[in-house]
Amino acid sequence: MTTAELRAVPGVADDLSVWPASTTRLAHGGLAVGGVSLAEIAERFDTPAYVLDEGEVRGRCRRYRDAFPEAHVLYAAKAFLSRAVVRWVDEEGLGLDVCSAGELELAVTAGFPPERMVLHGNAKPPHDIEAALRLGVGRIVIDSPSEIARLAAAVGPGGHQKVMVRVVPGVSAGGHEKIRTGTDDQKFGLSPVDGSAQEAIGRILGQPQLELVGLHCHIGSQIAEVEPYVAAVRRMVGLMARIRDGHRVTLRELDVGGGHGVAYRPGEAALDPTALARGLRTELVAACAAAGLPVPRLAIEPGRAIVGPAGVALYRVLAVKHTGARLFVAVDGGMSDNPRPALYGVRYAPRLIGRASAADSRTATVVGRHCEAGDVLAADVPLPADVRPGDLLAVPVAGAYQLSMASGYNLVGRPPVVSVHEGRARLLVWRETLDDLRSRDVGG
Ligand SMILES: *Cc1c(COP(=O)(O)O)cnc(C)c1O
């Protein structure tokens with residue numbers, strides 16, 4: 001594409017508020033992200049494809065570092081991890097929150113310092129604990145009583161490992177029931193209400209090779225308000241005071257997890273890191289003063305808010321079908337690259353790119369190509385009435401929990417990931433080929 005064609009076209013009344021900040025309009029209905037035309041990426045790398053704006057990821061890391069200069073900011077790897085992302089996050093000075101040996105080893109082999117990592121997991125396989133200890137992970141978050149003795153034994157009598165305890169603060173928040181993790185009726189964490197958190201803390205303190213540095217909580221995901229976090233901090237400081245009184249230990253760290261909400265469609269609310277920092281700091285200082293505790297070092301673990309808005313999914317329209325009152329637009333990806341609509345009923349705002357349409361908009365349902373009626377990417381969204389096979393659709397805010405949850409369903413193969421930055425596109429992860437899939441299937 002020439003520089004002349006890259007010129008933004010003024011006066012188009014459409015909303016790019018949830019797109020990466022680098023997004024610009026091109027002639028003939030095109031869009032560029034990171035200085036690269038999306039239609040050109042679809043040409044060069046084929047579809048479906050995932051585009052990740054490096055500048056947007058780095059900019060989001062910096063916003064967190066600026067808002068929380070005194071805290072540990074850890075990127076939650078499960079949102080999306082690749083070796084390039086590991087490098088960007090490392091260069092921006094963040095830590096890393098991992099929840100498997102796979103995430104841990106990928107990051108370490110990409111050069112991430114293990115001491116800046118935290119290992120999570122409600123059920124950590126022995127292999128994961130072995131990898132964490134072998135590689136020297138900074139902190140391990142204990143999530144059940146049974147793992148304490150197991151971890152202590154794996155560390156060995158001469159060894160030493162910093163640990164935290166995941167506590168359920170009794171605060172419910174989050175965009176969907178399946179992503180609320182702050183109350184007693186779900187699988188994560190130990191409750192201070194029934195005493196299991198205190199009991200676990202007592203057991204950890206009885207293991208000399210485990211150093212309890214602090215408490216952890218994670219109340220849910222896709223949370224747009226500061227208040228639930230403030231409430232969680234209040235309860236966690238209350239528990240820290242009870243631990244000081246009961247066990248004579250003063251904990252130095254408080255990790256309040258992630259879950260920061262982003263806008264998937266124009267007009268939706270997002271959590272502002274600066275407002276969160278102000279709210280957390282104020283509550284932490286006040287609650288610690290009231291309890292006579294020194295202020296612990298804060299840690300936060302944003303995942304979605306770092307990579308979600310930096311990603312764009314590109315699909316090619318394969319079929320258009322009018323059934324009764326509905327218009328179905330079927331694309332060449334779907335639930336195998338993005339299970340979120342089927343899992344949580346989330347809503348996206350797809351957009352026609354690559355050609356200008358003068359047609360009126362009408363309500364359409366964008367569906368995938370998989371053999372499930374529930375393979376719906378976006379229900380009841382406005383698209384130009386003349387949408388047709390061969391068109392390109394782009395879905396913004398596609399960077400988190402899509403490819404990291406991708407499956408091998410229908411042996412379609414997972415899409416490639418392409419980074420864009422300052423006018424250059426680079427392949428980060430190749431498209432999964434039939435050879436990739438077949439190489440695991442040894443035939444028996
Ligand atoms: C999932 C998770 C996160 C990140 O959640 P986001 O919603 O992506 O910010 C952080 N910490 C823990 C413990 C998690 O389980």
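Atom set for the values below is all heavy atoms of this structure, side chains included, hydrogens, waters and symmetry mates excluded. Atoms within each ligand, like the ligands themselves, are counted from 1 in listed order.
None of Arg369, Glu372, His370 except one satisfies the side chain to side chain donor-acceptor pair (under 3.5 Å) rule with Asn410; the exception is His370.
The shortest N or O to N or O distance between Pro302 and ligand 1 is not under 3.5 Å. Here's the thing with His120: none of its N/O atoms is less than 3.5 angstrom from an N/O atom of ligand 1. When only interatomic distances are considered, the shortest N/O to N/O separation between His216 and ligand 1 does not fall below 3.5 Å. Of the N or O atoms in Ser221, one or more lie within a sub-3.5 Å distance of an N or O in ligand 1. The shortest N/O to N/O separation between Arg166 and ligand 1 does not fall below 3.5 Å.
When non-hydrogen atoms are compared, ligand 1 lies under 4.0 Å from the side chain of His218 (C-beta onward) but not from its backbone. With a 4.0 Å cut-off on non-hydrogen atoms, Val141 does not touch ligand 1 at all.
Looking at Arg87, its side chain never comes within 3.5 Å of a backbone N or O of Gly111 through a donor-acceptor pair.
The closest protein non-hydrogen atom to atom 10 (C) of ligand 1 is Glu301 O, 3.2 Å. With hydrogens left out, the protein atom closest to atom 2 (C) of ligand 1 is Lys78 NZ, 2.2 Å, a heavy atom.
A 6.0 Å sphere centred on CZ of Arg116 holds more than 12 heavy atoms belonging to other residues, nucleotides or ligands.
Side-chain polar atoms of Asp375 and Tyr409 form no donor-acceptor pair below 3.5 angstrom. Side-chain contact, His216 with Glu301: a donor N or O sits under 3.5 Å from an acceptor N or O.
The ring of Phe188 has its center no closer than 6.0 angstrom to the ring center of His120.
Salt bridge annotation for Asp14-Arg25: present, with a cationic side-chain nitrogen under 4.0 angstrom from a carboxylate oxygen. Taking the charged nitrogens against the carboxylate oxygens, Lys162 and Glu115 have no contact shorter than 4.0 Å, which rules out a salt bridge.
Among residues two or more places apart in sequence or in another chain, the ring pair (Phe, Tyr, Trp, His ring centres under 6.0 Å) test is passed with Phe68 by none. Glu54 pairs by the salt bridge (Lys or Arg N to Asp or Glu O under 4.0 Å) definition with Arg58, Arg426, not counting sequence neighbours.
Every atom of ligand 1 with a heavy atom of Ala76 under 4.0 Å away is listed here by number and element: 3 (C), 4 (C), 10 (C). Of all the atoms in ligand 1, the ones that sit under 4.0 Å from a non-hydrogen atom of Asp97 are 10 (C), 11 (N), 12 (C). With ligand atoms numbered from 1 in the order given, ligand 1 contributes 6 (P), 8 (O), 9 (O) to contacts under 4.0 Å with heavy atoms of Arg304. Within the listing of ligand 1, atoms 9 (O) sit less than 4.0 angstrom from a heavy atom of His260.
Ligand 1 lies less than 4.0 angstrom from a heavy atom belonging to Gly259. Put simply, part of Tyr401 is less than 4.0 Å from ligand 1, judged by heavy atoms.
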